[in-house]
Participant: 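Below is the structure I would like to discuss, written out as structure tokens.
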Amino acid sequence: MDRIKNHPILDFEKNEKITISFEGREIECFRGETIVSALSVAGITTLRENVKTHRPQGLFCAIGKCSSCLMEVNGVPNVRTCIVLVEDGMTVRRQNGKGVLHED
Amino acid sequence: MKTDSFDVLVIGGGPAGLCACAELSRCGIKVLLVDEGPVLGGQLVKQTHKFFGSREHYAGVRGIEIPDKLQEEIDEKLITVYSSSTVVGIYPPNNNVLIYRDQKKVEEHSFKYIIIATGASENMILFENNDLPGIYGAGAVQTLMNQYGIIPGKNMLMVGAGNIGLIVSYQLLQAGCRVKKLIEAAPSIGGYLVHASKIIRMGIPVQTSTTILKAIGTEKVEGAITVKLDENWNQIEGTEEEIEVDTICLSVGLAPSYKLAVHAGCKQIFIRELGGMIPWRNSSQETSVNGIYIAGDACGVEEASSAMIEGRLAGLNIAKCMKRLSEKACNEKIDDNLISLDKLRSGPFGERIVEGIRKLEGKSYE
Ligand SMILES: Cc1cc2nc3c(=O)[nH]c(=O)nc-3n(C[C@H](O)[C@H](O)[C@H](O)COP(=O)(O)OP(=O)(O)OC[C@H]3O[C@@H](n4cnc5c(N)ncnc54)[C@H](O)[C@@H]3O)c2cc1C
Ligand code: FES
């Protein structure tokens with residue numbers, strides 16, 4: 001997906017550029033956007049695998065209501081990546097299955 | 001557990017929640033507002049179009065401009081906002097509440113009064129491959145393009161010609177996405193004529209009595225198959241049509257998000273006109289559980305203006321219980337809001353809601 005360049009009503013101010021890692025790949029994005037927004041621009045549409053059918057799952061509601069976008073973020077599973085903002089150096093992984101919670 | 005100095009918890013910072021905060025803070029009541037989104041405003045933050053409705057409720061103003069106006073009504077000293085935080089549980093009778101603060105750690109609080117203003121979530125419909133990446137709800141499409149500045153797809157199939165389907169189609173064109181076709185299962189367009197004529201003028205083909213049969217693709221959407229429906233909504237064999245698209249947008253209605261009310265033990269009732277199962281409430285917006293109020297789309301899918309009034313009503317009724325305003329002053333304000341609500345629902349588009357409210361009032365859990 002591309003970023004909108006000209007819009008008749010909206011102005012999209014670009015914040016500071018930061019980097020997150022997706023499955024070991026570095027992705028440039030902007031502070032203030034969600035993880036899903038950054039991944040979409042990078043062309044990543046499969047966010048996790050369905051627990052039962054193992055089919056690819058992507059974004060659906062984008063407001064934290066449907067759980068279609070659950071991913072592993074900084075080692076924590078089941079993060080709703082459509083409402084969590086990117087942070088510099090964040091590691092994001094596709095989630096297969098229900099995820100494992102690590103005690104710390 | 002934290003001992004709190006807040007009098008009221010408001011869950012959800014959309015138009016309903018913000019208006020509740022405005023009325024509460026005007027009565028000197030301290031509020032904690034929790035919203036799981038990164039910014040306040042709920043669905044308004046992505047609505048670039050000018051609102052319809054009545055002038056006193058911001059008709060003619062773009063949705064994106066309303067949250068700031070509402071926040072100006074709130075006394076900053078009396079409100080604490082936890083954004084990017086989710087309320088995950090309510091435990092009566094003491095109304096202990098679990099809050100997942102900053103999506104990082106769980107905090108426990110307790111409140112005498114709670115207003116649930118959690119909005120609605122999008123419906124899904126049945127068709128083959130409906131879980132493929134590239135199939136988005138209309139709200140998601142709006143969030144991507146209007147909040148984060150991303151073109152959600154190059155070629156889109158829009159499913160559903162209610163107001164939301166029409167408005168979002170137009171917004172997609174503004175963002176630089178091609179809407180290849182708009183299909184609607186009903187025999188006619190459901191939304192306002194002004195919105196429909198705008199997109200027809202822009203050259204988007206609209207096909208009524210048509211539904212989606214299948215999404216094509218294995219890793220993501222590569223196309224779709226549509227089919228015509230007869231007057232009994234049965235598929236007509238031989239009318240299947242393949243269309244090449246990379247995104248499918250579903251704009252097929254919303255259902256109230258009221259999980260927290262169920263968790264708290266609020267009695268539910270099925271009212272089709274208000275969006276299906278909803279928590280029961282009285283005309284003060286109070287649920288069957290003492291001290292728990294509900295307002296906005298969470299208790300019946302309607303529109304922003306009615307969500308605002310319901311939020312104000314919830315706030316004022318709590319102020320009345322807390323005796324922070326004279327009973328007379330409270331009642332006057334409550335009556336004014338009830339009259340506005342009646343006026344809003346008096347048009348032809350309000351008939352369905354009025355019927356739903358009538359059914360609601362026919363039942364009592366008090
Ligand atoms: C495309 C579109 C166009 C529209 N156009 C119009 C129009 O022209 N005129 C009009 O009047 N209306 C319009 N509406 C409808 C209007 O936007 C909604 O009716 C209104 O936003 C409902 O307000 P609300 O406060 O009930 O819920 P919302 O605006 O949905 O706000 C709910 C808030 O609650 C938060 N939340 C949910 N669960 C939790 C939780 N567990 N913990 C913490 N926070 C939570 C969410 O993050 C969200 O911010 C439109 C809607 C759409 C989708
Ligand atoms: S896409 Fe629905 S919860 Fe994230």
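Note on naming: letters A, B, ... go to the chains in the order of the sequence lines (proteins, then strands), and numbering restarts at 1 for each one.
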Participant: Quick check on B:T48 against chain A: is it the side chain, the backbone, both or neither that has a heavy atom closer than 4.5 Å?
Facilitator: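 Answer is both: backbone and side chain atoms of B:T48 are under 4.5 Å from chain A.
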
Participant: Answer with side chain, backbone, both or neither: which region of B:T218 has an atom nearer than 4.5 Å to a non-hydrogen atom of chain A?
Facilitator: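 The answer is the backbone of B:T218.
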
Participant: Could you state the interatomic distance from OH (B:Y100) to CD (B:E107), rounded to the nearest 0.5 Å?
Facilitator: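 The distance works out to 12.5 Å.
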
Participant: Can you tell me how far the CG atom of B:L157 sits from the OG1 atom of B:T247, to the nearest 0.5 Å?
Facilitator: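 Nearest 0.5 Å value for the CG-OG1 distance: 9.5 Å.
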
Participant: Is there a side-chain contact between B:I199 and B:V179 (heavy atoms, below 4.5 Å)?
Facilitator: no

Participant: Hey, are the side chains of A:L70 and A:R80 touching, using non-hydrogen atoms and a 4.5 Å cut-off?
Facilitator: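 Yes, close enough: below the 4.5 Å cut-off.
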
Participant: If I take atom CD from residue A:Q95 and atom CD from residue A:E49, how far apart are they, to the nearest 0.5 angstrom?
Facilitator: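 Interatomic distance, A:Q95 CD to A:E49 CD, rounded to 0.5 Å: 10.5 Å.
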
Participant: Could you check whether any side-chain heavy atom of B:K69 comes within less than 4.5 Å of a side-chain heavy atom of B:Y58, counting everything from C-beta outward?
Facilitator: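 Contact flag for B:K69/B:Y58 side chains = yes.
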
Participant: Between B:N146 and chain A, with a heavy-atom cut-off of 4.5 Å, which part of the residue counts as in contact: side chain, backbone, both or neither?
Facilitator: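 Looking at B:N146, backbone and side chain both touch chain A.
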
Participant: Please classify the contact between B:N123 and chain A as side chain, backbone, both or neither, with a heavy-atom cut-off of under 4.5 Å.
Facilitator: backbone

Participant: Measure distances from B:L144 to the heavy atoms of chain A and classify the residue's part below 4.5 Å as side chain, backbone, both or neither.
Facilitator: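 Side chain only.
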
Participant: Is A:S68 in contact with chain B via its backbone, its side chain, both, or neither, using a 4.5 Å heavy-atom distance?
Facilitator: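 Contact with chain B: none, neither part.
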
Participant: Output the option from B:K259, B:E122, B:Q103 having the highest count of non-hydrogen pairs under 4.5 Å with chain A.
Facilitator: B:Q103

Participant: Taking all non-hydrogen atoms of both residues, which atom of A:T46 and which atom of B:P133 are closest, and how far apart?
Facilitator: OG1-CG, 4.0 Å

Participant: Which bit of A:L85 is near chain B, if near means a heavy-atom gap under 4.5 Å: side chain, backbone, both or neither?
Facilitator: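 Side chain of A:L85 only, per the 4.5 Å heavy-atom cut-off to chain B.
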
Participant: Between B:L213, B:T211, B:L250, B:V159, which is the residue that forms a side chain to side chain contact (heavy atoms under 4.5 Å, CB included) with B:F127?
Facilitator: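 Result for side chain to side chain contact (heavy atoms under 4.5 Å, CB included) with B:F127: B:L250.
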
Participant: What part of B:E36 lies closer than 4.5 angstrom to a heavy atom of chain A: side chain, backbone, both or neither?
Facilitator: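 Both the backbone and the side chain of B:E36 come within 4.5 Å of chain A.
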
Participant: Only pairs of heavy atoms separated by less than 4.5 Å count here; which of B:I135, B:I64, B:D102, B:D246 has the most with chain A?
Facilitator: B:I135

Participant: Side-chain contact test, heavy atoms from C-beta onward, threshold under 4.5 Å: evaluate it for B:Q147 versus B:V39 and give yes or no.
Facilitator: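 Yes, their side chains come closer than 4.5 Å.
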
Participant: Please test B:L9 against B:I90 for side-chain contact (heavy atoms from CB on, under 4.5 Å), starting from the C-alpha separation and ending with a verdict.
Facilitator: CA-CA 11 Å; B:L9 168 69; B:I90 303 175; 5.9 Å; no

Participant: Any residues in residues 50-67 of chain A near chain B, with a heavy-atom distance under 4.5 Å, and which are they?
Facilitator: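 Within residues 50-67 of chain A, near chain B: A:R55, A:P56, A:Q57, A:G58, A:L59, A:F60, A:C61, A:A62, A:I63, A:G64, A:K65.
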
Participant: Of all heavy-atom pairs between A:E26 and A:T19, which one has the smallest distance, and what is that distance?
Facilitator: OE1-CG2, 3.8 Å

